[in-house]
Amino acid sequence: MVNKVHNIKDAHLEEAIHWGHSEYMDEGLVLTERITDAPIPTGPTRMNFILMALCKHGHASYTIDTKKREVKPGDLLFISDQHIVNHITASPDFECLCIMLTTQYYHGFVQNVQNVSSLLLFSMNNPVVQLTPREIQVYSNYFYTIREKMSDTAHHYRAELVKALLLAMFYDMSNVIWRVEQQEKKSPTRHDVLFARFIRLLEKNFRQERRVSWYAQQLCVTPKYLSEVVKLISKRTPNEWIDNYVVLEIRVLLKNSTKSIKEITRDLHFPNQSFFSKYFREHVGISPSEYRRG
């Protein structure tokens, strides 16, 4: 018996720019109310950006990593990058307030690594959440305010203002996370527990430990098993998670502190400044000094 293999297509944010009634910033942000203008994929599609959307009318269904999800009015859906979406259907009147952004843009306005992990961990277990009437109003207000500021291209601080609004919105949505987590008492699977323990351990130790074997030892599992579980749950390898945390911390320190590059190199336990600069350039595309100036 021959297994049928489906080619997984990649969806990129650049495609969403061309959907009708969208507002976008070249840095990596797109807002639209007309998600139905997007061409519906005919097969499994890997998301290469983060999507958050509030359903206003109609209904839709899809699978994410083979699990079926239903969306109805008042639902907030969240899909982080690298996850596989398939079997998308939507009613003719489906309408939602959709915010899409690249992971790099997201890392550009969050304040610390805990902000990153809390939202992504929550979305993996709660990809669709029913909002309260108050939360619906809060999300809608942010959406329309952000869209208005994005359209004001004459505003000298447009980019900074949009990021500040997105950060404020993040904290309001984090309050939704807190509410749902207080209500839910689900028993996590063994894999979920291990992945969450890995992320929490990573948050505390990434500044000095970047070896997968060290994390596996602390968690009392083999590096192979840890890699398999982390990849299964998050679609990323442990090394990718470690690099994400390190690069985000470097970005924050370069933009929001007066520490010299030499001091940052020391604080993050890189062997020398040359290695540090090479590491940052490999992941971001420019040198630390260029990033700080830009």
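These numbers were taken from a predicted model, which means no experiment stands behind them.
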> Does the pair F49 and Y105 meet the rule for a side-chain contact (heavy atoms from CB on, under 4.5 Å), with working shown?
Replying inline: CA-CA 10 Å; F49 54 88; Y105 186 85; over 6 Å; no

>> Before you tell me yes or no, could you show the steps for L226 and V229 under side-chain contact (heavy atoms from CB on, under 4.5 Å), namely the whole-Å CA-CA distance, both residues' side-chain angles and the distance that decides it to 0.1 Å?
In response: CA-CA 5 Å; L226 178 61; V229 170; 5.6 Å; no

>> For D267, is there an ion pair with R207 - N to carboxylate O distance below 4.0 angstrom?
In response: no

> Distance-only, no hydrogens or angles: does the S234 side chain make a donor-acceptor pair with backbone N or O of K231 under 3.5 Å?
Replying inline: no

>> Are N205 and W214 packed together at the side-chain level, in the sense that at least one heavy-atom pair is separated by less than 4.5 angstrom?
In response: yes

> Are Y144 and L97 close enough, and set up right, to give a side-chain contact (heavy atoms from CB on, under 4.5 Å), and what steps lead you there?
Replying inline: CA-CA 9 Å; Y144 290 115; L97 307 183; 3.5 Å; yes

> When rounded to the nearest 0.5 angstrom, what distance separates NZ in K259 from NZ in K262?
Replying inline: 14.5 Å

> Thinking salt bridges, do K163 and E27 make one under a 4.0 Å N-O criterion?
Replying inline: no

> For N272, does its backbone N or O pair with a side-chain atom of T265 as donor and acceptor, under 3.5 Å?
Replying inline: no

>> As a quick check of understanding, evaluate side-chain contact (heavy atoms from CB on, under 4.5 Å) for V246 and F270, giving each step before the final call.
In response: CA-CA 11 Å; V246 174; F270 280 90; 4.0 Å; yes

>> If you apply the rule ring pair (Phe, Tyr, Trp, His ring centres under 6.0 Å), what do you find for W241 with F195, and how did you get there?
In response: CA-CA 11 Å; W241 275 104; F195 177 69; 5.7 Å; yes

> Are V30 and L101 close enough that some pair of their side-chain heavy atoms sits under 4.5 Å apart?
Replying inline: no

> Looking only at heavy atoms, what is the nearest atom pair of F276 and P288, with distance?
Replying inline: CE2-CG, 3.6 Å

> How far apart are the closest heavy atoms of E70 and S61, and which atoms are they?
Replying inline: OE1-CB, 3.5 Å

> So, do L77 and Y62 sit near enough that their side-chain heavy atoms are less than 4.5 Å apart?
Replying inline: yes

>> Closer than 3.5 angstrom, by distance alone: can the side chain of E290 be matched with the main-chain N or O of S287 as a donor-acceptor pair?
In response: yes

>> Show the nearest heavy-atom pair for residues E23 and S151, with the distance to one decimal.
In response: OE2-CA, 3.5 Å

>> Please report the interatomic distance CD1(I286) to CZ(R293), rounded to the nearest 0.5 Å.
In response: 9.0 Å

> Heavy-atom count around Y24 OH within 6.0 Å, excluding the residue itself: above 12?
Replying inline: no

> Can you tell which of Y245, Y215, Y225 makes a ring-ring contact (aromatic ring centres under 6.0 Å, His included) with F198?
Replying inline: Y215

> What orientation do Y279 and H283 show, parallel under 30°, tilted 30 to 60°, or perpendicular over 60°?
Replying inline: tilted

>> Any carboxylate oxygen within less than 4.0 angstrom of a Lys/Arg side-chain nitrogen, looking at D152 and K149?
In response: no

> How many angstroms lie between CZ in R210 and CG in L202, if you round to the nearest 0.5 Å?
Replying inline: 11.0 Å

> Which atoms form the tightest heavy-atom contact between D93 and G58, and what is the distance?
Replying inline: OD1-CA, 3.4 Å

> Can you tell if the side chain of K72 reaches within under 4.5 Å of the side chain of Q130, non-hydrogen atoms only?
Replying inline: yes

>> Looking at E209 and R211, is there a salt bridge between them, counting it only when a charged N and a carboxylate O are closer than 4.0 Å?
In response: yes

> S289 and I261: which non-hydrogen atoms are nearest, and at how many Å?
Replying inline: N-CD1, 3.8 Å

> How long is the gap from CG on L51 to CE on M47, to the nearest 0.5 Å?
Replying inline: 5.0 Å

>> Donor-acceptor pair, distance only, cut-off 3.5 Å: does the side chain of R158 make one with the backbone of M150?
In response: yes

> When rounded to the nearest 0.5 angstrom, what distance separates CD1 in I136 from CG in N141?
Replying inline: 12.0 Å

> Got a donor-acceptor contact below 3.5 angstrom from the S22 side chain to the T32 backbone?
Replying inline: no

> Does the pair E249 and R251 meet the rule for a salt bridge (charged side-chain N to carboxylate O under 4.0 Å, His left out), with working shown?
Replying inline: CA-CA 5 Å; E249 181 74 358; R251 288 175 184 270; over 6 Å; no

> Among the clusters formed by ILVMFWY side chains lying less than 4.5 Å apart, do V193 and L232 turn up in the same one?
Replying inline: no

> Does I146 belong to the same Ile/Leu/Val/Met/Phe/Trp/Tyr cluster as Y157, with side-chain heavy atoms less than 4.5 Å apart forming each link?
Replying inline: no

> With a 4.5 Å heavy-atom cut-off, do L54 and C96 have their side chains touching?
Replying inline: no

> Between L76 and L167, is there a shared hydrophobic cluster once you connect ILVMFWY residues whose side-chain heavy atoms come closer than 4.5 Å?
Replying inline: yes

>> Test: salt bridge (Lys or Arg N to Asp or Glu O under 4.0 Å). Region: residues 45-57. Which pairs qualify, not counting sequence neighbours?
In response: D10-R46

> Going through the distances and angles, do R200 and E203 end up as a salt bridge (charged side-chain N to carboxylate O under 4.0 Å, His left out)?
Replying inline: CA-CA 5 Å; R200 299 310 178 199; E203 287 179 355; 3.1 Å; yes

>> Using side-chain heavy atoms (C-beta onward) and a distance below 4.5 Å, is E135 in contact with R179?
In response: yes

> What distance separates E148 CD from T145 OG1, expressed to the nearest 0.5 Å?
Replying inline: 6.5 Å

>> Check whether R292 reaches the backbone of L254 with its side chain - one donor and one acceptor, N or O, closer than 3.5 Å.
In response: yes

> So, does D75 use its side chain to make a donor-acceptor pair with the main chain of V71 at under 3.5 Å?
Replying inline: no

> Donor-acceptor pair, H12 side chain versus E14 backbone, under 3.5 Å?
Replying inline: no

> Under a 4.5 Å cut-off applied to non-hydrogen side-chain atoms, are I50 and M100 in contact?
Replying inline: no

> Shortest non-hydrogen contact from T222 to A216?
Replying inline: C-CB, 3.8 Å

> Looking at side-chain heavy atoms only, is the closest gap between I99 and Y139 below 4.5 Å?
Replying inline: yes

